[in-house]
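The shown structure was predicted, so the numbers you read here are calculated from the model rather than taken from an experiment. Side chains included, hydrogens not; waters and symmetry mates left out as well; all remaining heavy atoms used.
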Amino acid sequence: SGPPIGMPHLSFAPRKPVPLGCELKCVADGTSGVMMYLELQEGKTRMMRLRFADEYPATVATTLRMVAAMGLGEKNLPAHDKLRRVVIGDSWFASRATACTLQEKFGVEFTGCVKTAHAGFPIEAMRWVLASLERGQSCVFKLENEDVWAVGWSDVHYKTYITTHGCSSDGEPAKKKRQRLVDGRNYSIDVTRPKVIATYHSHMGWVDRHNRFRQDILGLQNIWKTKRWQTRIQIDLFAMALVDAFLIA
């Protein structure tokens, strides 16, 4: 045995509140916000050895592994047992390949926000249409021969989504905070949005909220000091269990 080494899968993500550390891909329950499943990101080489990685891109393979590990597949269930479970994914997971593959392999629905992974997605056509729309208006495109839709929503900046389910009629409006110039008091305005996007917004923040509870409010890593990276990961797992218990209670 050689000398101890540092964390072999340390990553740096400047966009994160705590940018240096071990990256996890997480699944949270869409009702309670409880963290249900975690996948440790161990670097490109190791992750390529995992299930589905030899068939699909990394984002699609990771999504498939999570759905398989959670037992969410409904492909072979009788019709009366199908719940039409929905995976809500942020832009790292969201793509046409993810949406189509989840339907094909597991019979699971998907909704996600498309930003950079727009291969096979009508991003240019949607940009032209959204540029002419007023704030709160939307447009919908359908993928030929497949039950996959692209939904565009005009807000301060336009946003694009891919989905295999949902409804494009008006849903609960988005509340946007504003401040009066006269007295500085806060108020809010309602911005119309499609129901499928309202559903996405109501579920997309569970992982971020869980992280805030664990890292900011609980802050166990700041109290329980250690120089061993293995212990640090164990502390975070323990903190996740504490937050889950709080959310369930």
Side-chain angles (χ1 to χ4, degrees), residues 1-53 57-72 85-94 98 108 110-113 115-117 177 186 200-249:
S1 62
I5 60 174
M7 183 184 293
H9 37 264
L10 189 67
S11 63
F12 182 77
R15 68 186 183 280
K16 299 292 185 181
V18 182
L20 187 65
C22 176
E23 184 179 3
L24 301 172
K25 300 300 181 187
C26 311
V27 180
D29 174 61
T31 302
S32 64
V34 168
M35 198 73 79
M36 303 292 292
Y37 181 77
L38 307 169
E39 182 178 274
L40 192 70
Q41 302 302 294
E42 300 182 82
K44 184 176 180 179
T45 303
R46 288 192 178 189
M47 301 308 290
M48 286 298 295
R49 301 171 186 162
L50 300 183
R51 187 182 179 188
F52 301 121
T59 54
V60 180
T62 301
T63 309
L64 294 177
R65 284 195 300 272
M66 288 180 160
V67 171
M70 290 286 294
L72 301 180
R85 289 188 172 96
V86 180
V87 174
I88 303 291
D90 64 17
S91 60
W92 192 89
F93 298 93
T98 298
V108 174
F110 179 84
T111 298
C113 180
K115 291 183 180 177
T116 56
K177 291 183 179 180
N186 293 328
Y200 171 84
H201 287 164
S202 68
H203 292 84
M204 63 171 287
W206 291 120
V207 171
D208 291 335
R209 188 184 73 155
H210 198 288
N211 291 340
R212 184 171 65 85
F213 283 177
R214 184 183 82 256
Q215 292 182 306
D216 184 26
I217 297 176
L218 181 61
L220 194 59
Q221 73 281 355
N222 298 324
I223 301 169
W224 194 337
K225 299 289 186 178
T226 179
K227 293 184 178 179
R228 295 177 58 87
W229 65 266
Q230 301 96 327
T231 305
R232 172 60 192 276
I233 291 179
Q234 291 167 352
I235 291 171
D236 266 350
L237 293 175
F238 180 54
M240 287 181 186
L242 289 176
V243 173
D244 282 347
F246 168 75
L247 293 174
I248 292 172

Taking distance alone, no hydrogens or angles, what donor-acceptor pairs closer than 3.5 Å link side-chain atoms of residues 202-209 to residues at least two apart or in another chain?
from: Ser202; atom 1: OG; to: Ala198; atom 2: O; distance (Å): 3.4
from: Ser202; atom 1: OG; to: Thr199; atom 2: O; distance (Å): 2.8
from: His203; atom 1: ND1; to: Thr199; atom 2: O; distance (Å): 2.8
from: Trp206; atom 1: NE1; to: Gly30; atom 2: O; distance (Å): 3.0

| query | How about Leu50 and Met47: do any of their side-chain heavy atoms sit closer than 4.5 Å? | reply | yes
| Side chains of Val108 and Val86 in contact at under 4.5 Å (non-hydrogen atoms) | no
Just how far is it from atom [atom1] of [X] to atom [atom2] of [Y], taken to the nearest 0.5 Å?
| X | Y | atom1 | atom2 | answer |
| --- | --- | --- | --- | --- |
| Cys26 | Glu39 | SG | CD | 10.0 Å |
| Leu72 | Met66 | CG | CE | 11.5 Å |
| His201 | Thr111 | NE2 | OG1 | 11.0 Å |
| Arg65 | Phe52 | CZ | CZ | 8.5 Å |

| request: Give me the one residue out of Val87, Val60, Thr62 that meets side chain to side chain contact (heavy atoms under 4.5 Å, CB included) with Phe93. | output: Thr62
| message | Arg51: which residues meet the salt bridge (charged side-chain N to carboxylate O under 4.0 Å, His left out) condition with it, sequence neighbours left out? | response | none
Heavy-atom closest pair, residues [X] and [Y]:
| X | Y | result |
| --- | --- | --- |
| Gln221 | Gln215 | NE2-O, 3.1 Å |
| Met48 | Ala53 | O-CB, 3.4 Å |
| Ala28 | Gly33 | CB-O, 4.1 Å |
| Ile223 | Leu218 | CD1-O, 4.3 Å |
| Cys113 | Tyr200 | CB-OH, 3.3 Å |
| Gln41 | Lys25 | NE2-CG, 3.2 Å |

| message | Tell me if a side-chain donor or acceptor on Ser91 pairs with a main-chain N or O of Gly112 at a distance below 3.5 Å. | response | no
Which atom pairs, one a donor and one an acceptor, fall under 3.5 Å between side chains of residues 232-248 and the rest of the protein, sequence neighbours left out?
from: Asp244; atom 1: OD1; to: Met35; atom 2: N; distance (Å): 2.9
from: Asp244; atom 1: OD1; to: His210; atom 2: NE2; distance (Å): 2.8

